[in-house]
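Each chain gets a letter, A, B and so on, in the order the sequences are listed, and its residues count up from 1. The structure displayed is predicted, hence computed values, not measured ones.
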Amino acid sequence: MRAHFEEGWQVPRHAAIARQIMLSGLVGPRPLEGWRMAAGLAFVFSRDGQRCWAAGVVADRQGNYVRQVIDAAPVPVSYTAGLLAYAVGPAVQQVLNQIDEPPDVLLCLGHGLAHPRRCGLACHIGLIYDIPTIGCAQRLLIGEHKPVGPDPGAGEPVADNGEVIGAALRTQCGANPIIVSIGHNLDLSSAIAVVLSSVVESRWPEPLRCARQLARQARAGCEDQ
DNA sequence: GCGACAG
DNA sequence: ATCTTGTCGC
């Protein structure tokens with residue numbers, strides 16, 4: 001599967017878009033059987049957007065962290081909506097390459113299938129490493145959904161032109177829903193189950209919240225951003 | 001005026 | 001940390 005990424009992340013916009021369209025056909029939804037280790041992957045940008053800090057954490061089902069990796073890399077292609085993967089790709093890969101034992105499922109910041117070309121960051125990562133991935137985003141990039149009920153666990157499908165591409169999921173009382181979509185190698189109901197079982201007291205699944213915090217700390221430790 | 005299109 | 005309002009840009 002890595003064959004499709006040999007050109008790396010620094011490719012022209014049209015090439016990245018073409019690659020996303022091709023990759024979207026490779027995304028495999030399927031039930032996730034039992035899982036033990038869940039990981040979170042998050043990142044932050046420098047103020048000028050030219051550098052990216054990424055962090056990955058692996059946790060067992062009880063929430064004990066067994067691995068933490070933080071790294072930084074230049075941004076090869078400045079972020080634009082729809083091409084997040086190409087901005088964070090190098091930093092993210094540096095992090096994931098240091099995690100020897102792949103987790104059973106990876107929660108990624110950003111979208112998976114809920115993407116204009118059905119190929120968000122979580123899909124890229126799932127395909128590269130051939131692991132189940134879930135996209136968790138703060139807000140919609142494409143599609144729409146009905147209002148979500150107030151209780152934690154309530155959700156509504158996110159649809160684009162009648163196609164269900166994800167779910168808006170209430171994870172906490174009083175917090176806006178997060179947008180969950182599959183990345184690769186699992187189905188939407190499995191993804192929702194993993195997210196809900198990983199939420200403790202934040203709007204975000206715990207590994208994701210932890211990873212984002214680490215990435216922000218790493219950025220804060222650098223004098224010039 | 002109207003929308004802000006993932007981070 | 002999140003939400004909401006305001007502001008900026010198109």
Side-chain angles (χ1 to χ4, degrees), chain A residues 9 13 16-17 20 23-24 27 40-56 70-96 106-126 133-145 147-148 150 152 158-161 165-184 191 195 198-220 225:
Chain A
W9 302 104
R13 182 181 179 85
I17 288 172
Q20 288 181 327
L23 291 174
S24 68
V27 168
L41 172 72
F43 42 84
V44 291
F45 291 98
S46 57
R47 262 195 86 179
D48 66 5
Q50 295 305 295
R51 191 159 180 80
C52 176
W53 287 261
I70 310 166
D71 211 338
V75 169
V77 185
S78 291
Y79 166 76
T80 56
L83 294 175
L84 175 65
Y86 294 82
V88 302
V92 163
Q93 280 203 276
Q94 283 180 26
V95 164
L96 294 178
L106 176 63
L107 295 148
C108 298
L109 188 60
H111 289 293
L113 203 70
H115 179 277
R117 293 169 291 278
R118 308 292 184 259
C119 193
L121 172 65
C123 300
H124 289 79
I125 299 303
T133 53
I134 301 169
C136 299
Q138 157 110 347
R139 54 183 191 263
L140 287 171
L141 180 55
I142 195 171
E144 45 194 19
H145 63 84
V148 180
V158 171
D160 180 41
N161 285 356
I165 56 177
L169 192 61
R170 182 87 60 190
T171 53
Q172 287 293 328
C173 288
N176 279 341
I178 66 172
I179 310 301
V180 176
S181 60
I182 67 164
H184 184 51
V195 169
S198 303
V199 165
V200 180
E201 56 184 11
S202 166
R203 179 190 179 204
W204 299 94
E206 207 52 27
L208 205 46
R209 188 194 60 78
C210 180
R212 181 187 254 169
Q213 192 171 63
L214 288 175
R216 285 210 249 250
Q217 285 171 1
R219 181 181 61 179
Q225 296 185 24

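Nucleotides dC5(B) and dG9(C), compared at atom P, are 13 Å apart to the nearest Å.
Between R139(A) and dG7(B) there is a side-chain polar atom (N or O) within less than 4.0 angstrom of OP1 or OP2.
Within residues 202-217 of chain A, the residues approached by DNA chain C to less than 4.0 Å at the level of any non-hydrogen atom are S202(A), R203(A), W204(A), Q213(A), R216(A), in residue-number order. Within residues 74-81 of chain A, the residues that place at least one heavy atom under 4.0 Å from DNA chain B are, in residue-number order, Y79(A), A81(A).
Rounded to an integer number of Å, the gap from CG of L109(A) to C1' of dG7(B) is 7 Å. The nearest whole Å value for the distance from the OH atom in Y86(A) to the P atom in dA6(B) is 17 Å.
Looking at heavy-atom distances under 4.0 Å, L83(A) makes contact with a base. Contacts of G174(A) with the nucleic acid, taken as non-hydrogen atoms under 4.0 Å apart, involve only primed sugar atoms and P, OP1 or OP2. At a threshold of 4.0 angstrom between heavy atoms, the contacts of I179(A) with the nucleic acid are absent. In this structure, L84(A) reaches the bases: a heavy-atom distance under 4.0 Å links it to at least one base atom across the strands shown. Residue Q172(A) is out of contact with every strand shown, counting any heavy-atom pair closer than 4.0 Å.
The shortest distance between side-chain heavy atoms of H111(A) and L84(A) does not fall below 4.5 Å.
For DNA chain C, each stem of at least three Watson-Crick or G-U pairs (distances under 3.5 Å) is given as range with range: B:1-4 with C:7-10.
For residues 134-145 of chain A, every residue pair satisfying the side chain to side chain donor-acceptor pair (under 3.5 Å) rule, not counting sequence neighbours, is listed here: Q138(A)-R203(A).
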Below 3.5 Å is the cut-off: list the nitrogen or oxygen pairs between protein and nucleotides 4-8 of chain C, distance only.
none

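Ring pair Y86(A)/W9(A) is perpendicular by interplanar angle, where above 60° counts as perpendicular and below 30° as parallel.
Between L107(A) and P205(A), the shortest heavy-atom contact is CD1-CB, 3.9 Å.
Every residue two or more places apart in sequence or in another chain that forms a side-chain contact (heavy atoms from CB on, under 4.5 Å) with A122(A) is listed here: C108(A), T133(A).
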